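Below is one structure, written out as structure tokens; comments come after it.
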Amino acid sequence: MSQLKILPGRPYPLGANYDGRGTNFALFSRNAEKVELCLFDEKGKTETDRIELAEYTDDVWHCYIVGIKPGQLYGYRVYGEYNPNSGHRFNGNKLLIDPYAKAMHGKIIWSSALFAYQLHNPERDLSFDSRDSAKYMPKCVVIDDNYLWKNQEKPGTRRSNSIIYEVHVKGATKTNPKVPEKIRGTFEGLAHKNMINYFKNLGITAIEILPSQAFFLGSIPERKGLYNYWGYSTANFFTPEPAYLASKNINEFKAMVDAYHSAGLEVIMDVVYNHTPEGNQLGPTLSFRGIDNAYYYRLSKENPRYYDDTTGCGNTLNFDNTRVVQMTMDSLRYWATDMKVDGFRFDLAVSLGRNDFGFRTESDFYDAMSQDPILQKVKRIAEPWDIGLGGYQVGNFPPGWSEWNGKFRDTTRRFWRGDDGQIGDMATRFTGSSELFDKHGRRPWSTVNFITAHDGFTMNDLVSYDVKHNEDNGEDNRDGESNNDSYNYGAEGPTTSAKINNIRIRQIKNFFATLLLSQGLPMILGGDEMRRTQDGNNNAYCQDNKISWFNWHLLDKNKEIYDFVKKVIDIRKNHVVFRRSKFFKGQRIPGTKNKDITWLTLAGEEMTTNDWHNPKNKTLVFKISGEAGDNFHFDKEGNATPDSNFFVIMNADTRKYSCIVPPPQPPYKNWKVVFDTSDNNREVKLRSTSISVSPRSFILLIAE
């Protein structure tokens, strides 16, 4: 062992923190009896020093070592009681990841030595395994923040103006011929100018990247050739995923964010704070389980040997405990400040607000987020459900949060499929789902509208398959959602039928028009604009291959779809009536004769209760007024002018109709067709007359 000068150090901040002279190490564990810091050589193969942390202050074990510099590799061994029936699973033979590590060297190598118990012992997790796991574990890395930012300020896009594009770091770039091959599948590849130019030209304002904090990237042992592709198994909440670092330097992530900010685009991270890859009582010991299992995880009250699993992933972090909330807040602040991320999408966010009595809107974590001066300013998006009791909480998150709106997804799919009785729900979803979100001063951007996401069918597959096709996942097609509200229109999967393909193209346009013109914050699944397909797989979490990767050759083949999406995004950006800051009321606008929104029949008359409740009515017709106060455009001098008036026809029926279009209000003289999803070249100007409406079509008219 080398001669190290070891000082008491401080119990804060947690983690390994270099100050120019040495490094302070601090690790929280309330129930441990002894903690050892293990230092490794530059390759992470040989343990060079093992230091017992003699200082223990406020549940934190700590020391300061003079001369320890950035680049030093380390890990911990934590000792204490091994008694699963009491919730304690300490095993000093297992090397552990520092929860506050900022960088990682190497990766987890699957081995039975990673388990604290004897894997093949009949007593299973009640037994004790004495093998050393160090050679199978990644090593933590001491870092120094030395990145010089080109852009100190974030874009700060207003939520009502945001258009999110959900994308996988590897999947988006792996086969892109315009990205150098050596950086495909990495943060550097995603930051390449051709990727950024593509997003800019499409018109989105933010990318939302699937989990990019260090996760268990290993293979799935029982199914060869399949991998944890999506990344929803975070092993460390402060570290960028090493496999996405072409340079092996965490500054690559910062450079990516910097490049997007230079282009005026935001970066939102999909984060997974609800569980870890250590799984249930039969899972490996990688970090939290070995540091303080009884503190970090929610355990069964009846038998602490088992976990209270509200995530479906084997365990749930315990947000009743202060240090768990602190770790999560410290992690979020780190990504928001040091990494300059613009927002976060919280996976299974209901689990972050649970205590022993269920979900609470006023939970410790949500309260901490609401008062934090840094995190108040970032975009906060909840996946508002988990699998626990009362797990569906759409609309119940605190003010300041946006929420994935599964009801928008389901209603929109059913409406355009032609299901009976959908027009009332479709009208509600199109106008921002006010029954869910119009409370406590919340705004329309509280709803994140989406029709497709990483979990489920792509847009192309939604109109191409009646049922899921997950056979490649190795679970006999049992996994994934079976109720997809999809329709193949006459053929399962790809077809040479021009009739079927034309219907599919029209329906994709209808979906995009609905998504991008509805009130709220729209999210596009990456690749839908080029008809990306997963061959009917609606649960491609384990498919790190062409099933999940973008096929960039589809872009030229489906330019019609791409051009339409770009056009509708431009319409949304140019007209504030489609991104209002307040909910529609269906009432007259003060000082005018017009309502903010008027619902009409095909005969041009206002809808009645009977019209709304007619299950066979599959056509929505309405007029949106640009005169409502929050719809004003403001020029550089602050002068306000109203937005345009619009007339919308959404016909999900298989029948053709004629629709009466009332004359536009002065000073407007004519209605002009902006687009008709059934006819790319339709150009019609009309005053007060009827307009033909094709089956399964969306028509948008603007007053001139």
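Predicted model, so just to flag it, every value in this text is computed and none were measured.
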Passes salt bridge (charged side-chain N to carboxylate O under 4.0 Å, His left out), Arg10 versus Glu55? Steps please.
CA-CA 9 Å; Arg10 299 179 299 181; Glu55 299 295 328; over 6 Å; no
Examine the side chains of [X] and [Y] and answer whether a donor and an acceptor come within less than 3.5 Å of each other.
{"X": "Thr311", "Y": "Asp309", "value": "yes"}
{"X": "Asp342", "Y": "Tyr260", "value": "no"}
{"X": "Asp479", "Y": "Asn473", "value": "yes"}
{"X": "Asp320", "Y": "Asn355", "value": "no"}
{"X": "Thr57", "Y": "His62", "value": "yes"}
{"X": "Thr276", "Y": "Tyr297", "value": "yes"}

Thinking salt bridges, do [X] and [Y] make one under a 4.0 Å N-O criterion?
{"X": "Arg345", "Y": "Glu166", "answer": "no"}
{"X": "Arg442", "Y": "Glu403", "answer": "yes"}
{"X": "Arg131", "Y": "Asp129", "answer": "yes"}
{"X": "Arg354", "Y": "Asp386", "answer": "yes"}
{"X": "Arg30", "Y": "Asp292", "answer": "no"}
{"X": "Arg77", "Y": "Glu47", "answer": "yes"}
{"X": "Lys102", "Y": "Asp145", "answer": "no"}
{"X": "Asp372", "Y": "Arg333", "answer": "yes"}

To the nearest 0.5 angstrom, please state how far the [atom1] atom of [X] sits from the [atom2] atom of [Y].
{"X": "Asn396", "Y": "Arg360", "atom1": "CG", "atom2": "CZ", "result": "14.5 Å"}
{"X": "Lys407", "Y": "Leu436", "atom1": "NZ", "atom2": "CG", "result": "5.0 Å"}
{"X": "Leu114", "Y": "Met137", "atom1": "CG", "atom2": "CE", "result": "6.5 Å"}
{"X": "Gln281", "Y": "Arg289", "atom1": "CD", "atom2": "CZ", "result": "8.0 Å"}
{"X": "Trp385", "Y": "Asp347", "atom1": "CH2", "atom2": "CG", "result": "10.0 Å"}
{"X": "Asn236", "Y": "Asp98", "atom1": "CG", "atom2": "CG", "result": "7.5 Å"}

Pair Phe346, Trp401 - check ring pair (Phe, Tyr, Trp, His ring centres under 6.0 Å), show working.
CA-CA 10 Å; Phe346 294 83; Trp401 285 74; 5.1 Å; yes
Any [X] side-chain heavy atom under 4.5 Å of [Y] side chain:
{"X": "Thr285", "Y": "Phe115", "answer": "no"}
{"X": "Tyr117", "Y": "Arg124", "answer": "yes"}
{"X": "Tyr296", "Y": "Phe28", "answer": "yes"}
{"X": "Ile209", "Y": "Val167", "answer": "yes"}
{"X": "Val78", "Y": "Leu96", "answer": "yes"}

Could you walk me through whether Asp330 and Tyr100 pass side-chain hydrogen bond (donor to acceptor under 3.5 Å, both in side chains), step by step?
CA-CA 9 Å; Asp330 288 347; Tyr100 277 72; 2.8 Å; yes
Could you check whether [Y] and [X] have their ring centres less than 6.0 Å apart?
{"X": "Trp110", "Y": "Tyr136", "answer": "no"}
{"X": "Tyr273", "Y": "Phe237", "answer": "yes"}
{"X": "His454", "Y": "Trp230", "answer": "yes"}
{"X": "Phe397", "Y": "Phe359", "answer": "yes"}
{"X": "Tyr295", "Y": "Phe288", "answer": "no"}
{"X": "Phe437", "Y": "Trp445", "answer": "no"}

I'd like to know whether Asn405 forms a side-chain hydrogen bond (donor to acceptor under 3.5 Å, both in side chains) with Thr447, so could you lay out the CA-CA distance, the side-chain angles of the two residues, the decisive distance to 0.1 Å, and finally the verdict.
CA-CA 6 Å; Asn405 189 349; Thr447 171; 3.1 Å; yes
What pair of heavy atoms forms the shortest contact from [X] to [Y], and how long is it?
{"X": "Ile291", "Y": "Phe90", "answer": "O-CE2, 3.0 Å"}
{"X": "Ser86", "Y": "Glu81", "answer": "OG-OE2, 4.3 Å"}
{"X": "Glu278", "Y": "Asn315", "answer": "C-ND2, 3.7 Å"}
{"X": "Glu36", "Y": "Tyr79", "answer": "OE1-OH, 2.7 Å"}
{"X": "Asn538", "Y": "Glu481", "answer": "ND2-O, 2.7 Å"}
{"X": "Leu348", "Y": "Glu383", "answer": "N-OE1, 2.7 Å"}

Which class fits the ring pair Trp404 and Phe450: parallel under 30°, tilted 30 to 60°, perpendicular over 60°?
tilted
Do Asn85 and Asn83 pass the side-chain hydrogen bond (donor to acceptor under 3.5 Å, both in side chains) test, and can you show the C-alpha distance, the side-chain angles, and the key distance before you say yes or no?
CA-CA 5 Å; Asn85 286 322; Asn83 183 2; 4.5 Å; no
Give a yes or no answer on whether the side chain of [X] reaches the backbone of [Y] with a donor-acceptor pair at less than 3.5 Å.
{"X": "Thr46", "Y": "Thr48", "answer": "no"}
{"X": "Lys154", "Y": "Ala336", "answer": "yes"}
{"X": "Tyr74", "Y": "Leu37", "answer": "no"}
{"X": "Ser548", "Y": "Asp544", "answer": "no"}

Go through Tyr64 and Asp19 one step at a time and tell me if the side-chain hydrogen bond (donor to acceptor under 3.5 Å, both in side chains) criterion holds.
CA-CA 10 Å; Tyr64 181 95; Asp19 63 6; 2.9 Å; yes
By the definition side-chain hydrogen bond (donor to acceptor under 3.5 Å, both in side chains), identify the one residue from Thr310, Asn321, Asp356 that meets it with Arg298.
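With Arg298 as partner, side-chain hydrogen bond (donor to acceptor under 3.5 Å, both in side chains) holds for just one option, Asp356.
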So, using side-chain hydrogen bond (donor to acceptor under 3.5 Å, both in side chains) as the criterion, who are the partners of Asn251 when residues are at least two apart?
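Checked Asn251 against side-chain hydrogen bond (donor to acceptor under 3.5 Å, both in side chains); matches are Asn146.
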With sequence neighbours left out, the residues meeting ring pair (Phe, Tyr, Trp, His ring centres under 6.0 Å) with Tyr12 are none
Partners passing ring pair (Phe, Tyr, Trp, His ring centres under 6.0 Å) against Phe253 (at least two apart in sequence or in another chain)
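For Phe253 the ring pair (Phe, Tyr, Trp, His ring centres under 6.0 Å) partners, ignoring immediate neighbours, are Phe187, Trp335.
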Under the ring pair (Phe, Tyr, Trp, His ring centres under 6.0 Å) rule, what do His168 and Tyr229 come out as? Steps first, then yes or no, please.
CA-CA 9 Å; His168 189 283; Tyr229 174 70; 3.8 Å; yes
More than 12 foreign heavy atoms under 6.0 Å from NZ of Lys34: is that the case here?
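Yes, the 6.0 Å shell around NZ holds more than 12 heavy atoms from other groups.
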